[in-house]
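Here the structure is laid out as structure tokens; the discussion comes afterwards.
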Amino acid sequence: MSKTIHYSNEDITIVWNPELCTHSAKCVKQLPRVYNPKERPWLKIENATTEALKKQIATCPSGALSFIEK
């Protein structure tokens, strides 16, 4: 079973599956204030709007990022 990591705000939960990630860095390039692999946690959901997050997640080429709306 794949390990997934969840990051939540009031509107959505971002689900990251590191086993699927191909490290294309699209997330880092599109929302660098949210995704920073040099920091821990590497994903700071509070640094973007829910709509910006959903739009960026839709561009993830590997499907490693997804979201669940609350």
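As the structure is a computational prediction, the values presented were derived from the model and not from experiment. What's counted below: heavy atoms across the whole structure, side chains too, no hydrogens, waters or symmetry copies. Each residue takes its place number in the sequence, starting with 1.
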TODO: Sequence neighbours left out, what passes salt bridge (Lys or Arg N to Asp or Glu O under 4.0 Å) with Glu69? Give chain and number order.
DONE: Lys54

- [ ] Would you please name every residue forming a side chain to side chain donor-acceptor pair (under 3.5 Å) with Ser24, sequence neighbours left out?
- [x] none

Task: Exercise: identify the closest heavy-atom pair between Tyr7 and Pro41 - done: CE2-CB, 4.2 Å

Open item on the list: Distance check, rounded to the nearest 0.5 Å: Thr4 atom OG1 versus Ile14 atom CD1?
Closed with: 13.0 Å

Open item on the list: List the residues meeting side chain to side chain contact (heavy atoms under 4.5 Å, CB included) with Asn9, not counting sequence neighbours, and say none if there are none.
Closed with: Asp11, Ile12, Ile45, Thr50, Leu53

Open item on the list: Could you see if Val15 belongs to whatever hydrophobic cluster contains Ile5? Use Ile, Leu, Val, Met, Phe, Trp, Tyr and a side-chain cutoff under 4.5 Å.
Closed with: no

Open item on the list: Considering only residues two or more places apart or on different chains, which pairs with a residue in residues 55-66 satisfy side-chain hydrogen bond (donor to acceptor under 3.5 Å, both in side chains)?
Closed with: Gln30-Thr59, Tyr35-Gln56

Task: Hydrophobic cluster (4.5 angstrom, side-chain heavy atoms) - remaining members for Leu20 - done: none

TODO: Keeping to residues at least two apart or across chains, list the salt bridge (charged side-chain N to carboxylate O under 4.0 Å, His left out) pairs with something in residues 58-67.
DONE: none

Open item on the list: Restricting to side chain to side chain contact (heavy atoms under 4.5 Å, CB included), what partner residues turn up for His23, sequence neighbours left out?
Closed with: Cys21

- [ ] Just jot down the side chain to side chain contact (heavy atoms under 4.5 Å, CB included) partners of Asn47, sequence neighbours excluded, or say none.
- [x] Arg33, Val34, Lys44

TODO: Go through the structure and list residues passing side chain to side chain contact (heavy atoms under 4.5 Å, CB included) with Lys70, not counting sequence neighbours.
DONE: Ser8, Thr13

TODO: Determine the minimum heavy-atom distance between Cys60 and Ala64, stating which atoms define it.
DONE: SG-N, 3.6 Å

TODO: Please list, chain by chain and in numerical order, all residues satisfying ring-ring contact (aromatic ring centres under 6.0 Å, His included) with Phe67, sequence neighbours excluded.
DONE: none

Task: Beyond-backbone contact of Cys27 with Trp16, side-chain heavy atoms, under 4.5 angstrom - done: no

